[in-house]
There are 2 protein chains.
Amino acid sequence: MAMKTTEKADIKYTNQRVEILAFLREHDGHPTVDEVYDGVRKKLTRISKATVYKNLKFLTEKGLLEEVNVKGVSRFEANFIPHHHLICRECGMMEDFNSEQLMDYSMKIAEEIEGFTIVSTSTNFYGLCKKCKEEM
Amino acid sequence: MAMKTTEKADIKYTNQRVEILAFLREHDGHPTVDEVYDGVRKKLTRISKATVYKNLKFLTEKGLLEEVNVKGVSRFEANFIPHHHLICRECGMMEDFNSEQLMDYSMKIAEEIEGFTIVSTSTNFYGLCKKCKEEM
DNA sequence: GTACGTGCAAATGATTTGCGTTAAG
DNA sequence: CTTAACGCAAATCATTTGCACGTAC
């Protein structure tokens with residue numbers, strides 16, 4: 001069976017990739033491309049933004065990262081425990097949220113869908129974060 | 001209380017806005033900006049893409065449209081019955097999917113979340129559409 | 001009549017690409 | 001060694017903006 005794991009073997013772990021992965025594992029706030037770039041540049045001062053772009057795309061294709069999009073901006077994460085998101089409609093802030101119950105429930109519903117082979121599910125909860133609510 | 005409905009009153013229903021709304025109501029396949037532009041241009045040949053952009057943004061802010069983002073591209077819809085999405089990881093194709101059960105279940109879980117005021121939820125089911133699966 | 005919307009062209013911002021150089025395996 | 005990755009600068013693509021003119025209310 002063709003598994004993702006076989007693909008992982010072909011990855012060249014360059015310094016740049018190692019630092020990008022390390023940065024994302026230490027920052028679970030779903031950083032944007034620029035935030036990853038700024039973060040990684042502290043360790044690798046000569047890294048280019050093009051390399052950050054290329055690698056975020058590459059690592060996402062290889063299955064080592066997940067890309068999410070809020071208000072038109074790409075954000076990345078390295079968290080592989082399937083989870084859900086709380087998203088603030090006002091400021092775009094995004095937080096992980098776990099509910100195994102909901103994950104199980106969604107996957108059970110997924111099994112009944114025809115003409116689509118479901119691999120994963122993710123629920124987004126949209127609303128207002130504490131900060132934005134107070135500012136209203 | 002400041003409701004969305006009070007805002008709706010201030011909308012100037014120009015030809016351009018009317019056609020954009022009509023197009024989206026007739027096309028539930030989550031069109032991109034370019035697709036909306038091409039579609040509306042058949043009726044209003046002189047409309048500019050800037051106007052399409054301005055109005056999609058404006059109408060989304062006014063609550064008449066929903067914006068979703070797949071693979072970095074914005075898509076729009078005018079469907080206000082809350083619903084879920086089936087998204088193909090391969091080609092980005094997106095289809096509506098209804099499950100009242102799942103909607104109820106998610107909202108029940110949402111009520112228990114603290115520090116975040118949840119307004120709506122939407123579950124994305126990721127996988128492969130029939131066409132992409134056959135091509136593998 | 002007036003304020004807001006439009007179309008156009010130019011500006012911005014995000015992302016991708018081409019290519020000579022560098023480094024991982 | 002050899003091939004894939006890097007860094008840089010230029011190119012492309014999506015989206016926004018400024019402004020003179022037009023139109024909904």
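Chain naming here is simple, since letters A, B, ... match the order of the sequence lines and numbering starts at 1 in each.
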- Interatomic distance, B/Leu44 CG vs C/dT6 P [rounded to whole Å]: 10 Å
- Task: Specify the separation, in whole Å, of atom CZ of B/Arg41 and atom P of C/dC8.
- Result: 11 Å
- Query: Does a side-chain N or O from A/Gln16 land closer than 4.0 Å to OP1 or OP2 of C/dA24, or not?
  - Reply: no
- Task: Tell me whether the OP1 or OP2 atom of C/dT15 has a side-chain N or O from A/Lys57 closer than 4.0 Å.
- Result: no
- Task: Answer with yes or no whether the side chains of B/Asn98 and B/His83 bring together a donor and an acceptor at under 3.5 Å.
- Result: no
- Message: Applying a 4.0 Å non-hydrogen cut-off, can you work out what A/Lys54 is touching in the nucleic acid: base, sugar-phosphate, or nothing?
- Response: base
- So what does B/Thr14 hit on the nucleic acid, given a heavy-atom distance under 4.0 Å: a base, only sugar-phosphate, or nothing? sugar-phosphate
- Do we see a donor-acceptor contact under 3.5 Å between the side chains of A/Asn124 and A/Tyr126? yes
- Message: Between A/Phe97 and A/Phe125, is the ring centroid distance below 6.0 Å?
- Response: yes
- Item | Whether A/Glu35 side chain and A/Thr32 backbone form a donor-acceptor pair below 3.5 Å | yes
- Message: Between P on D/dC8 and CD1 on A/Ile47, what's the gap in Å once rounded to a whole number?
- Response: 10 Å
- Item | Integer-rounded Å distance: D/dC6 C1' and A/Tyr13 OH | 18 Å
- Winner on side-chain proximity to B/Lys12, out of C/dC4, D/dA9, D/dC6, is C/dC4
- Item | Sugar-phosphate, base or nothing in reach of B/Asn55, heavy atoms under 4.0 Å | sugar-phosphate
- B/Ser48 side chain N/O closer than 4.0 Å to the phosphate oxygens (OP1, OP2) of C/dC8? no
- Message: Between B/Tyr53 and D/dT15, is there a contact of a side-chain N or O with OP1 or OP2 at under 4.0 Å?
- Response: yes
- May I ask you to verify if any side-chain N or O of A/Arg46 is less than 4.0 angstrom from the OP1 or OP2 atom of C/dT22? no
- Query: C/dT6 C1' sits how many Å from B/Ile20 CD1, rounded?
  - Reply: 11 Å
- Item | d(CZ, A/Phe58; P, D/dA5) in whole Å | 5 Å
- Protein-nucleotide distance (A/Lys49, atom NZ; D/dA10, atom P), rounded to Å: 17 Å
- Task: Quickly work out the B/Arg17 CZ to C/dG5 C1' distance and round it to whole Å.
- Result: 6 Å
- Query: Under the 6.0 Å and 45° cation-pi test, does A/Arg41 pair with A/Tyr37?
  - Reply: yes
